[in-house]
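Counting begins at 1 with the first residue of the sequence. Start at 1 and go down the list; that is how both ligands and their atoms are numbered.
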Amino acid sequence: MPITSPPSPRSTDPLFLRACRLEPVERTPVWLMRQAGRYLPEYRAVRDKVGFMELCKTPRLSAEVMIATVERLGVDAAIIFSDLLPILEPMGLDLEFAAGEGPVIHNPVRSPDDVGRVRELDDIDRLGFVMDTVRATRAGLDPSIPVIGFAGAPFTLAGYCIEGGTSRAWLHTKSLMYRHESAWHDLMARVARAVSRYLVAQIDAGAQVVQVFDSWVGCLSPDDYRRYVLPHSRTAMAEAVKRVPTIHFATGNPALLPLLREAGGQVIGIDWRIDLDEAWKTVGYDRAVQGNLDPAILLADRDTIRARTRDILARAAGRSGHIFNLGHGILPNTPVENVLELIATVKHG
Ligand code: CP3
């Protein structure tokens, strides 16, 4: 029997994991959504040689891209390099990232009859490249940097299936939702089961945290979220939340925050359309929060970046459970030195 008890494992756990669990930290952890991307010259150099989907399907390269980014930026967590949409391929959707156009799905789901051809994700091995990326990213990083897995939330993925790409108003999506409620729930249930399996597979491969992106659900009212979305988001996250800290992120409508909390997630992602202190009060102090600098602030001058970063830290008021992040992904035209300025401000004041 040891005479002295070993040091509490928790105090040596990575800052980011401790913040997810609402434990005290010496300083606020920081990482950024879309931290690896076109704003980085090193990323553009890789992309000059390989297409985006090919990059996602080459785990060695995907891991390298994220590891190099984490080392360059000095952030406290590494989200795997992948995308929201590859999960849709084994479900029968014909996905392409056309140069300069963003994602295109050539066989969108437009009618109730189309829903029947959206397949269950029975064979998770078809996404084996993502699990290989989790393993390669974990293997290449210092243990102090947790690896985050991710998936789209059912609404955002169903939206892409229905629209066939990104949309401003998501009107095909709303039209199916309002006109054909049972087909809508059938589609959402299929997507939710797939997301659940996919998150568990990433966790089994070594993801220490997962984030669920409901990037476009802010186009709905709270009543519609409750009726058409919440049960499916809950299903998608139910297994993950039992295993690892799960970050539930949405943008566009701060009135949804209490419902995001209800659907699940130990950490709630906050976009910039609400002040962080007000958001946290709304979410409840028994959950951690992640956010919430407007990514457009990174296009401003250094003094503005520093002042706005400090303002968010002040609103968190030293409470345990704040993870610094942007309110949405980094914009492609962001100067790298501004990103470094932001990170230095979070780390050193
Ligand atoms: O650095 C990281 O955060 C990791 C990788 C990551 C990407 N996409 C890489 C990517 C993550 C976490 C995502 C998530 C993602 N993908 C979301 C949710 C986040 C959000 O912004 O709300 C969404 C909506 C998508 C779907 C998607 N992927 C779109 C709409 C586009 C085209 C628009 C764009 O930003 O280019 C993509 C492409 C994409 N995903 C790129 C990257 C680095 C750019 C592709 C390229 O290199 O040309």
Item to complete: Can you pull out the closest protein heavy atom to atom 39 (C) of ligand 1? Residue, atom name and distance to 0.1 Å, please.
Response: Phe52 CZ, 3.5 Å

Practice prompt. Could you find the nearest protein heavy atom to atom 43 (C) of ligand 1 and give me its residue, atom name and distance?
Written response: Tyr43 OH, 3.4 Å

Practice prompt. Check whether any side-chain N or O of Asp13 sits under 3.5 Å from a backbone N or O of Arg18 as a donor-acceptor pair, and report yes or no.
Written response: no

Worksheet entry | Any donor-acceptor pair under 3.5 Å from Asp94 side chain to Ile105 backbone | no

Discussion item. Starting from atom 11 (C) of ligand 1, what is the nearest protein heavy atom, named by residue and atom, and what distance separates them?
Written reply: Phe150 CZ, 3.6 Å

Worksheet item: Are any side-chain N or O atoms of Arg243 and backbone N or O atoms of Ile203, one a donor and one an acceptor, separated by less than 3.5 Å?
Response: no

Worksheet item: Is Met66 in contact with ligand 1, taking contact as a heavy-atom separation below 4.0 Å?
Response: yes

Discussion item. Please compare Leu55, Leu84, Ile80 and report which has the shortest non-hydrogen distance to atom 14 (C) of ligand 1.
Written reply: Leu84

Practice prompt. Please say whether Phe249 places an N or O atom under 3.5 Å from an N or O atom belonging to ligand 1.
Written response: no

Response to the item:
Out of Asp271, Asp214, Asp83, Leu326, the nearest non-hydrogen contact to atom 28 (N) of ligand 1 is supplied by Asp83

Item to complete: Evaluate the side-chain proximity of Glu89 to Leu127: yes if any heavy-atom separation is below 4.5 Å, no if none is.
Response: no

Discussion item. Within the structure, is a non-hydrogen atom of Gly329 found at a distance of less than 4.0 Å from ligand 1?
Written reply: no

Discussion item. With a 4.5 Å cut-off on side-chain heavy atoms, are Thr166 and Pro103 touching?
Written reply: yes

Response to the item:
The protein heavy atom nearest to atom 1 (O) of ligand 1 is Ala36 N, 2.9 Å

Worksheet item: Where the closest heavy atom to atom 48 (O) of ligand 1 is concerned, which of Gln35, His328, Arg34, Arg47 has it?
Response: Arg47

Worksheet item: Are the side chain of Glu163 and the backbone N or O of Thr173 linked by a donor-acceptor pair below 3.5 Å?
Response: yes

Worksheet item: Quick one: does ligand 1 sit under 4.0 Å from the side chain of Ile79, the backbone, both or neither, non-hydrogen atoms only?
Response: side chain

Discussion item. The test is ring pair (Phe, Tyr, Trp, His ring centres under 6.0 Å); show your working for Phe81 and Tyr43 and say whether it passes.
Written reply: CA-CA 11 Å; Phe81 188 87; Tyr43 175 79; 5.6 Å; yes

Item to complete: Would you tell me which option among Pro103, Ala153, Gly152, Ser215 has the nearest heavy-atom contact to atom 22 (O) of ligand 1?
Response: Ser215

Worksheet item: Can you list the ligand 1 atoms lying under 4.0 Å from a non-hydrogen atom of Phe81?
Response: 43 (C)

Worksheet item: If you measure from atom 44 (C) of ligand 1 to every heavy atom of Glu101, Arg38, Gln211, Met53, which option wins on shortest distance?
Response: Arg38

Worksheet item: Can you find a heavy atom in the side chain of Ile162 that is under 4.5 Å from one in the side chain of Met177?
Response: no

Worksheet item: Is any NZ, NE, NH1 or NH2 atom of the basic residue among Arg44 and Asp48 found under 4.0 Å from an Asp or Glu carboxylate oxygen of the other?
Response: no

Worksheet item: For ligand 1, which atoms, with element, lie under 4.0 Å from some heavy atom of Thr166?
Response: 30 (C)

Item to complete: Please tell me if the side chains of Trp184 and Arg179 come closer than 4.5 Å, counting only heavy atoms from C-beta onward.
Response: no

Worksheet item: Out of Tyr39, Phe213, Tyr160, whose heavy atom sits nearest atom 24 (C) of ligand 1?
Response: Tyr160

Discussion item. Could you tell me, atom by atom, which parts of ligand 1 come under 4.0 Å of a heavy atom of Phe97?
Written reply: 28 (N), 37 (C), 38 (C)

Worksheet item: Hey, which atoms in ligand 1 end up nearer than 4.0 Å to a heavy atom of Gly102?
Response: 32 (C)

Practice prompt. Please determine, by modelled atom types, if Asp113 and Ser111 share a side-chain donor-acceptor pair under 3.5 angstrom.
Written response: no

Item to complete: Answer yes or no: is there an ion pair linking Asp303 with Arg306, defined by an N-O contact shorter than 4.0 Å?
Response: yes

Worksheet item: Should one rank Cys56, Ala78, Ser82, Pro332 by closest heavy-atom distance to atom 7 (C) of ligand 1, which comes out on top?
Response: Ser82

